[in-house]
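Here is the structure we will look at.
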Amino acid sequence: MIFIRDNIKGGALTETTFLVLLALYKPNHGYGIMQFIDQETNGRVVLGAGTLYGAIHALVKKKWVTPLETESDNKKKEYRITDTGKQKAEEELQRMREVLQLASTLMGGAKANE
């Protein structure tokens, strides 16, 4: 069983979790999520099926994503982000902005003082 250590004591989401949440702002199936992440990261992040479905399982359990009910015979199960998942993604974006601002301030200031 895969455990994803997200948001422990208000900490950061894993990159995989954040990318999966972003991929599910529009309903998508597993292979579509893998393609989205590969494309949007320019091939820097390539998820294997086991990693992806472990992450999806954990996110469903946390109620950050939910499977869509389908009436078709399509065997591809689609998922979408929930309101809770959107809130977590927005919190992560804000956290990342704060880290970026700190790094820009410190690194920019160090270069100016050299």
Side-chain angles (χ1 to χ4, degrees):
M1 177 174 263
I2 296 174
F3 294 99
I4 299 176
R5 299 171 300 194
D6 291 315
N7 225 10
I8 298 172
K9 296 183 182 178
L13 299 183
T14 65
E15 185 175 19
T16 296
T17 295
F18 190 53
L19 290 170
V20 170
L21 290 174
L22 293 176
L24 292 175
Y25 266 78
K26 292 183 181 178
N28 212 340
H29 51 81
Y31 184 68
I33 295 167
M34 289 192 301
Q35 287 181 311
F36 172 89
I37 292 172
D38 182 45
Q39 179 180 348
E40 295 302 319
T41 65
N42 295 314
R44 183 182 59 80
V45 177
V46 178
L47 298 181
T51 300
L52 174 65
Y53 287 103
I56 290 172
H57 175 75
L59 293 172
V60 167
K61 191 172 181 181
K62 292 179 181 188
K63 298 185 185 335
W64 294 7
V65 302
T66 188
L68 291 178
E69 298 296 324
T70 59
E71 296 177 12
S72 69
D73 291 333
N74 188 356
K75 294 187 186 256
K76 293 181 181 177
K77 186 181 246 182
E78 287 194 321
Y79 300 87
R80 70 171 174 80
I81 191 169
T82 63
D83 289 340
T84 302
K86 287 179 182 178
Q87 179 183 347
K88 296 300 180 184
E90 290 167 9
E91 289 170 4
E92 178 64 3
L93 179 58
Q94 182 57 38
R95 186 197 67 78
M96 292 172 81
R97 284 180 177 138
E98 291 169 3
V99 170
L100 179 60
Q101 180 60 48
L102 174 62
S104 296
T105 299
L106 293 174
M107 295 171 77
K111 289 180 182 178
N113 292 330
E114 289 180 3

How long is the span from the CD1 atom in I56 to the NZ atom in K61, to the nearest 0.5 Å? 15.5 Å
If two hydrophobic side chains count as joined below 4.5 Å and joins carry through other members, does Y31 share a cluster with L47? yes
Out of N28, T51, I37, T14, which residue meets the side chain to side chain contact (heavy atoms under 4.5 Å, CB included) rule with V20? I37
R95 with E92: basic N within carboxylate O range, under 4.0 Å: yes
Smallest separation among heavy atoms of V45 and T41, with atom names: N-OG1, 3.1 Å
Any side-chain donor near an acceptor of the partner, Q87 and E91, under 3.5 Å: yes
Between CD1 on residue I33 and OG1 on residue T16, distance to nearest 0.5 Å: 12.0 Å
Of the non-hydrogen atoms in L24 and Y79, which two are nearest, and what is the gap between them? CD2-O, 3.4 Å
Correct closest heavy-atom pair for L21 and G85 would be CD1-O, 4.0 Å
Would you say OH of Y25 has more than 12 non-hydrogen atoms from neighbouring residues, nucleotides or ligands within 6.0 angstrom? yes
Closest heavy-atom contact between L52 and G30? CD2-O, 3.1 Å
Residue pairs involving residues 39-51 (criterion salt bridge (Lys or Arg N to Asp or Glu O under 4.0 Å); sequence neighbours excluded): E15-R44
CD-NE2 distance between Q35 and H29, expressed to the nearest 0.5 angstrom: 7.0 Å
Nearest 0.5 Å, what's the OG1-CG distance between T66 and L59? 11.5 Å
